[in-house]
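Step one of this worksheet: look at the structure below.
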Amino acid sequence: MPKKRLGHWNSPAGYEDYRAKYAGAMRDVPAPDATHDIQTDFGTVRTYRFKSSAASVDPLVLLPGTSSGTPVWAGNLDSLLTITDVYAIDLLGEPGMSVQTEPITSDEDKAAWLDQTLAALPEQKFNLLGLSIGGWTAMNLAVRRPERIATVTTLDAVNVYDGIPFAIIVRSLPATIKWLPRSWRDSFNSYTAGGKPVEHVPVADMIESGMKNYTIRQPPPHRITEQQLGALPMPVLAIIAGRSVMHDPATARRTAEQALRTRTVAFYPDASHAINGEYPDRIAADLRTFLNP
C-alpha cells in the first residue's frame with residue numbers, strides 16, 4: 001500500500017521543540033474557556049474557545065497564517081473579545097496542534113475540513129477572520145461552502161486580491177530548506193514583517209520552529225478569481241497592508257474595491273504583512289463597525 005502524503009513532523013525532537021515554543025507563545029494568550037480537538041475526514045482540528053462578556057453578534061473564527069497557529073493572535077484577542085465570542089483554529093496540514101490523518105489534495109478538501117469543523121460547533125453562523133493564508137482559507141470556504149458564514153474579514157490575504165509575486169517565492173526558498181541555519185528563516189520572517197527583528201520573540205520562535213521541523217504536504221492554494229469574489233453572498237471586509245511584500249498592495253486594493261459587492265476595503269498604508277500585530281486596536285475597531293453597521 002503506498003504511503004499517504006501527509007503533513008508531518010520531521011522527527012520527535014522537532015515536534016517537542018515546536019510544542020515547547022508553542023506553549024511558550026500561548027502564555028501570552030488569554031486562557032481559553034474550552035479546548036476542543038474536532039474530528040474531520042482529514043484529521044483532528046485543534047479549536048480554542050474564548051468567551052466574551054459583550055457578545056452581540058455571531059462568534060468570530062480566527063484562521064492564522066502559514067507555519068503559524070493560535071498564538072499568532074496573542075496581541076489581538078483582548079480587543080476582539082470586546083466584540084463577541086472567539087474561536088481560534090490551528091490550520092490542518094500546517095504546524096500547530098491539529099493533526100492531519102488523510103491527504104489534502106485540493107482546494108475542495110481544504111474547504112471540507114474547515115466546514116466540518118464549523119459544523120461541530122454549537123452555533124449556526126460564524127464571522128471568519130483570516131490572516132495571510134488564513135484569509136485565503138476563509139475565502140476558499142466562502143466560495144465553496146458558504147452556508148455557515150455570516151461575514152468574512154481578511155487581513156492581508158494572499159492569493160485572493162492579487163497573486164504572490166515571483167520574487168517573494170524565490171526569496172522564500174532558502175527558508176524552506178530545513179538544514180540551513182535559523183538565520184535564513186529569521187531573515188525571511190523579518191522581511192515579511194517590514195524588517196522588524198524576530199529573534200527572541202515567542203511567536204516568531206514558534207513560527208521558525210514550525211518552518212524547520214514540519215513538512216507541509218498539500219497543493220498550494222489557487223488564486224480566488226474576481227468573478228468568485230463578486231459572487232460571494234456574504235459581506236466581506238478586506239484589510240490590506242500598504243507595505244506588504246506578499247502581493248502588490250495597490251493591485252490588491254484595486255481588485256478588492258472593484259470586485260467585492262459590499263465595497264468594504266480598509267487600507268493601512270504603513271502596515272507590513274505582520275499587520276495583525278502592528279494594528280490590533282484599529283483592526284478591532286474596523287471589525288466592530290463592519291459587524292455592527
Side-chain angles (χ1 to χ4, degrees), residues 2-9 15 18-19 22 32 34-50 58-73 85-155 157-160 207 210-211 214-224 228 232-234 236:
K3 188 175 181 180
K4 295 178 181 178
R5 284 179 57 83
L6 302 177
H8 61 271
W9 298 101
Y15 171 65
Y18 178 85
R19 190 170 70 168
Y22 183 104
T35 300
H36 303 287
D37 289 319
I38 296 174
Q39 187 62 47
T40 74
D41 290 345
F42 301 89
T44 303
V45 178
R46 171 61 59 88
T47 305
Y48 301 96
R49 186 184 183 193
F50 303 86
D58 295 317
L60 285 165
V61 174
L62 310 187
L63 301 169
T66 193
S67 294
S68 184
T70 292
V72 81
W73 301 105
D85 293 343
V86 173
Y87 290 101
I89 289 176
D90 287 0
L91 299 182
L92 194 60
E94 295 264 359
M97 294 298 107
S98 295
V99 180
Q100 185 183 356
T101 57
E102 294 295 331
I104 296 172
T105 62
S106 65
D107 293 345
E108 174 58 35
D109 288 350
K110 297 175 188 181
W113 75 252
L114 181 53
D115 185 61
Q116 291 169 18
T117 302
L118 299 184
L121 301 176
E123 294 83 3
Q124 300 301 306
K125 289 279 189 176
F126 304 89
N127 296 296
L128 304 188
L129 174 61
L131 169 67
S132 186
I133 195 65
W136 179 90
T137 302
M139 282 299 216
N140 181 59
L141 181 64
V143 164
R144 298 172 186 280
R145 302 192 181 195
E147 294 79 16
R148 304 183 207 281
I149 305 175
T151 69
V152 176
T153 299
T154 59
L155 296 178
V158 297
N159 254 13
V160 174
I207 292 172
M211 294 172 70
Y214 190 88
T215 297
I216 297 171
R217 287 283 187 255
Q218 55 183 305
H222 291 91
R223 168 84 185 273
I224 304 293
Q228 288 173 320
L232 290 170
M234 75 290 293
V236 175

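Atom set for the values below is all heavy atoms of this structure, side chains included, hydrogens, waters and symmetry mates excluded.
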(message) Tell me if a side-chain donor or acceptor on Asn140 pairs with a main-chain N or O of Trp136 at a distance below 3.5 Å.
(response) no

(message) According to salt bridge (charged side-chain N to carboxylate O under 4.0 Å, His left out), does anything in residues 89-103 pair up with another residue at least two apart or in another chain? List the pairs.
(response) Lys4-Glu102

If you look at every heavy atom in [X] and [Y], which pair is closest and at what distance?
X      : Y      : answer
Pro103 : Asp109 : O-OD2, 4.0 Å
Asp107 : His222 : OD2-ND1, 3.0 Å
Ile104 : Pro219 : O-CD, 3.2 Å
Arg5   : Gln100 : O-NE2, 4.2 Å
Gly69  : Pro64  : O-CB, 3.7 Å

Side-chain donor-acceptor pairs under 3.5 Å in residues 124-131, sequence neighbours left out?
from: Lys125; atom 1: NZ; to: Glu147; atom 2: O; distance (Å): 2.7
from: Asn127; atom 1: OD1; to: Thr151; atom 2: OG1; distance (Å): 2.6
from: Asn127; atom 1: ND2; to: Asp58; atom 2: O; distance (Å): 2.7

(request) Check salt bridge (Lys or Arg N to Asp or Glu O under 4.0 Å) between Arg19 and all other residues, then give those that pass, not counting sequence neighbours. (result) Glu16

(message) So, using salt bridge (Lys or Arg N to Asp or Glu O under 4.0 Å) as the criterion, who are the partners of Asp37 when residues are at least two apart?
(response)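 Testing Asp37 for salt bridge (Lys or Arg N to Asp or Glu O under 4.0 Å), a comparison that skips the adjacent residues, returns Arg46.
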
Is any side-chain heavy atom of [X] closer than 4.5 Å to a side-chain heavy atom of [Y]?
X      : Y      : value
Thr117 : Leu92  : no
Trp113 : Leu91  : yes
Ser67  : Tyr214 : no
Gln116 : Val45  : no
Leu232 : Val143 : yes
Pro59  : Val86  : no
Gln218 : Phe42  : no
Ile38  : Leu121 : yes

Applying side-chain hydrogen bond (donor to acceptor under 3.5 Å, both in side chains), can you list everything that pairs with [X], at least two apart in sequence or on another chain?
X      : result
Thr35  : none
Thr137 : none
Arg49  : Asp85

[X]: partners by side chain to side chain contact (heavy atoms under 4.5 Å, CB included), with sequence neighbours left out:
X      : result
Asp115 : Leu141, Arg145, Arg148
Pro146 : Pro233, Met234
Ser132 : Val158, His273

(request) Calculate, to the nearest 0.5 Å, the distance between atoms CZ and CG belonging to Arg223 and Asn159 respectively. (result)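 Those atoms lie 7.0 Å apart.
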
(request) Any chance you could measure His8, atom NE2, to Ile216, atom CD1, to the nearest 0.5 Å? (result)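 Reported value, rounded in 0.5 Å steps: 11.0 Å.
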
(message) Test of understanding: with ring pair (Phe, Tyr, Trp, His ring centres under 6.0 Å), list the residues that count as partners of Tyr18, not counting sequence neighbours.
(response)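 Result, ring pair (Phe, Tyr, Trp, His ring centres under 6.0 Å) vs Tyr18: Trp9, Tyr22.
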
